[in-house]
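What follows is a short report on a single structure.
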2 protein chains.
Amino acid sequence: MIRRTPQQPRERGIPDATVARLPLYLRALNGLAERAVATVSSEDLAVAAGVNSAKLRKDLSHLGSYGTRGVGYDVQYLIYQISRELGLTQDWAVAIVGVGNLGRALANYGGFVSRGFRVAGLLDADPEVVGDHIAGLVVEHSDELESVIAKRGVSIVVIATPATAAQAVCDRVIASGVTSILNFAPVVLTVPAGVDVRKVDLSIELQILAFHEQRKVNGGPAVVDEIMGEEWAGEVS
Amino acid sequence: MIRRTPQQPRERGIPDATVARLPLYLRALNGLAERAVATVSSEDLAVAAGVNSAKLRKDLSHLGSYGTRGVGYDVQYLIYQISRELGLTQDWAVAIVGVGNLGRALANYGGFVSRGFRVAGLLDADPEVVGDHIAGLVVEHSDELESVIAKRGVSIVVIATPATAAQAVCDRVIASGVTSILNFAPVVLTVPAGVDVRKVDLSIELQILAFHEQRKVNGGPAVVDEIMGEEWAGEVS
DNA sequence: TCGACTTTGTGCATCACTTCACAAAGGCAC
DNA sequence: GTGCCTTTGTGAAGTGATGCACAAAGTCGA
Ligand SMILES: NC(=O)c1ccc[n+]([C@@H]2O[C@H](COP(=O)([O-])OP(=O)(O)OC[C@H]3O[C@@H](n4cnc5c(N)ncnc54)[C@H](O)[C@@H]3O)[C@@H](O)[C@H]2O)c1
Ligand SMILES: NC(=O)c1ccc[n+]([C@@H]2O[C@H](COP(=O)([O-])OP(=O)(O)OC[C@H]3O[C@@H](n4cnc5c(N)ncnc54)[C@H](O)[C@@H]3O)[C@@H](O)[C@H]2O)c1
């Protein structure tokens with residue numbers, strides 16, 4: 001019983017930056033709901049979500065005018081509206097390809113099953129791994145990728161294979177009609193227009209931290225004396 | 001033998017957006033280096049890193065003038081310069097707090113040890129887990145957090161505990177002098193100024209994908225007929 | 001019913017980042 | 001040398017996000 005909203009005047013063009021924050025607001029709202037809070041002001045919600053309150057109000061205004069001046073926002077109603085906007089009122093079948101260290105952790109993770117995401121398939125190329133029972137599922141051979149996607153209506157695929165296999169897996173997944181991919185492998189995936197790839201890259205996050213850490217400690221980049229500093233000195237102006 | 005660079009004219013104020021892309025360039029460059037490529041044009045490197053070439057050139061120009069007109073950039077030299085800028089010429093001791101599904105996957109992950117990051121401690125509060133051998137390390141009790149940080153010179157901490165424990169762990173870690181934190185727990189950490197927190201949140205990534213997926217399938221958010229749509233209709237204008 | 005008070009929603013100035021487009025720089029062939 | 005060709009480095013314009021500040025809207029107590 002899900003159908004398209006008849007005619008919604010706004011709807012078009014919610015900024016990406018806003019979309020990226022909606023899950024944050026949703027989490028904060030769920031926290032409030034658990035503590036039986038009925039309404040919340042933009043100021044309080046902003047603090048809970050760690051953002052500026054004007055930004056929060058502007059973000060929410062993209063969804064519609066759901067607040068009450070002088071009072072704030074109804075927590076339950078806002079949860080519903082944000083969930084609906086994010087597409088969490090329906091559930092999404094997710095397949096995880098590559099059931100190694102990371103794939104297992106993801107499969108066992110309760111955190112996304114809780115919100116509309118259902119792990120509908122675990123696939124791996126290694127015969128040793130195929131057949132393992134993880135989180136109530138049996139790992140299937142990645143040869144079955146296309147049929148698993150088709151049969152179980154998978155619309156989001158998580159890639160947790162080694163970097164070398166990621167592009168090939170990605171190509172097959174797209175050929176099967178999937179257009180939303182979450183990639184953990186440290187490679188830039190090449191995909192046709194219309195396919196969304198989001199990446200999670202731990203190593204990049206650490207490197208960004210290291211950059212700032214270095215500035216805090218030293219005030220800036222260091223040179224390694226007489227090891228490389230001199231060596232390179234001649235090569236460039 | 002590491003010391004501060006004498007007087008660097010630029011150095012100050014590399015835009016955050018640029019810093020976030022440097023690891024990407026570095027990875028692409030390492031790929032080229034493995035294939036023994038000596039020089040690369042901004043165009044080719046941009047394709048490998050999945051960005052616009054003008055953006056790449058502007059990013060690199062923040063580090064200095066390291067290209068040669070008509071030729072491109074020396075791969076090895078650029079690897080060195082970016083590594084130095086990111087602080088990867090020194091190595092960083094990392095501690096992982098919370099050795100559950102995710103913490104184990106991280107500990108076993110070879111990907112960051114390879115680039116200047118060394119896992120120097122694994123800590124958990126669960127006596128069942130303490131004493132486990134993982135990736136050549138023994139899991140220690142989280143009571144030892146402060147002493148592990150001090151003794152092993154830990155400067156970056158990865159938090160992989162349940163959300164409920166994250167803020168407490170964070171506070172202790174900061175009290176021990178750490179100012180760089182990578183947080184996997186789905187909570188907004190409150191930290192004093194001067195402390196950098198980066199977060200990785202799988203659930204947020206999936207929700208963003210779901211948002212776009214919904215738009216592709218339906219053209220926009222759906223209403224759930226007669227279940228909630230009607231129910232809420234009365235509550236708001 | 002009214003007026004004081006709270007809080008939203010948004011116009012606007014500002015800031016940050018992106019992209020275009022091209023002059024200047026340098027290599028290389030002859 | 002000299003001139004052509006490639007590619008960098010960067011002004012300048014464009015795009016999008018941010019945050020201030022406030023009028024308008026609505027609540028609530030008296
Ligand atoms: N473990 C981490 O903490 C971590 C962190 C960041 C990034 N990553 C990245 O995530 C990916 C997975 O990491 P991991 O530690 O789980 O590695 P892993 O080696 O433990 O697991 C990879 C799994 O993928 C399977 N596989 C290989 N080729 C396949 C294919 N073509 N189709 C299906 N399955 C295939 C392997 O059999 C293996 O089970 C890697 O790209 C890694 O760089 C891991
Ligand atoms: N597993 C995933 O794929 C995944 C994905 C995204 C986010 N997360 C988040 O990462 C965190 C860890 O996830 P997980 O699946 O590994 O959970 P987990 O329950 O398997 O592991 C958590 C570990 O933290 C330990 N711990 C609890 N309190 C502690 C404390 N005060 N000090 C030190 N250690 C403590 C526990 O003993 C346990 O070993 C959670 O916050 C989770 O929401 C996990």
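Closest non-hydrogen pair, D44(B) versus V40(B), comes out as CB-CG2, 3.7 Å. Residues S53(A) and S42(A) share a closest heavy-atom pair of CB-O, 3.9 Å. Annotation for V200(B) and E205(A): closest pair CG2-CG, 3.9 Å, computed over non-hydrogen atoms.
Looking only at distances, a side-chain donor or acceptor of R27(A) sits under 3.5 Å from a matching main-chain atom of P186(B).
Each of dT10(C), dG19(D), dT27(D) was ranked by its minimum atom distance to the side chain of S61(A); first place goes to dT10(C). Comparing dC17(C), dC20(C), dT18(C) by their closest approach to the side chain of R21(B) singles out dT18(C). Considering only side-chain atoms of R57(B), the nucleotide from dC22(C), dA17(D), dT7(D) that sits closest is dC22(C). Listed nucleotides dG26(D), dT8(D), dT18(C) differ in distance to A17(B); the shortest reach to its side chain belongs to dT18(C). Here the nucleotide nearest the side chain of S41(A), chosen from dC20(D), dT8(C), dC17(C), is dT8(C).
Projected onto DNA chain D by closest heavy-atom contact, T18(A) and G72(B) fall at different nucleotides, the more 5' of which corresponds to G72(B). Checking G70(B) against D16(A), the closest nucleotide of DNA chain D that is more toward the 5' end is the one next to G70(B). Residue whose closest nucleotide on DNA chain C sits further toward the 5' end, between A54(A) and K58(B): A54(A).
If you check distances only, the side chain of R69(A) never reaches the base of dT7(C) with a donor-acceptor pair under 3.5 Å.
Computed from coordinates, the D59(A) CG to dG19(D) P distance equals 11 Å when rounded to whole Å. The separation between H62(A) atom NE2 and dG16(D) atom P is 12 Å, rounded to whole Å. Atom CG in L22(A) sits roughly 13 Å away from atom P in dA17(D) (whole-Å rounding). To the nearest angstrom, P of dG26(D) lies 16 Å from CG of D74(A).
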*Please walk me through it: do R215(A) and E85(B) pass salt bridge (Lys or Arg N to Asp or Glu O under 4.0 Å)?*
CA-CA 10 Å; R215(A) 299 242 153 168; E85(B) 195 66 46; 3.0 Å; yes
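Taking 4.0 angstrom as the limit, S65(B) places a side-chain polar atom (N or O) nearer than this to OP1 or OP2 of dG9(D). Of the side-chain N and O atoms in S42(B), none sit less than 4.0 angstrom from OP1 or OP2 of dT7(D). The phosphate of dA17(D) (OP1 or OP2) has no side-chain N or O of N52(A) nearer than 4.0 angstrom. When the side-chain nitrogen and oxygen atoms of Y73(A) are compared with OP1 and OP2 of dG9(C), one or more of them lie within a distance under 4.0 Å.
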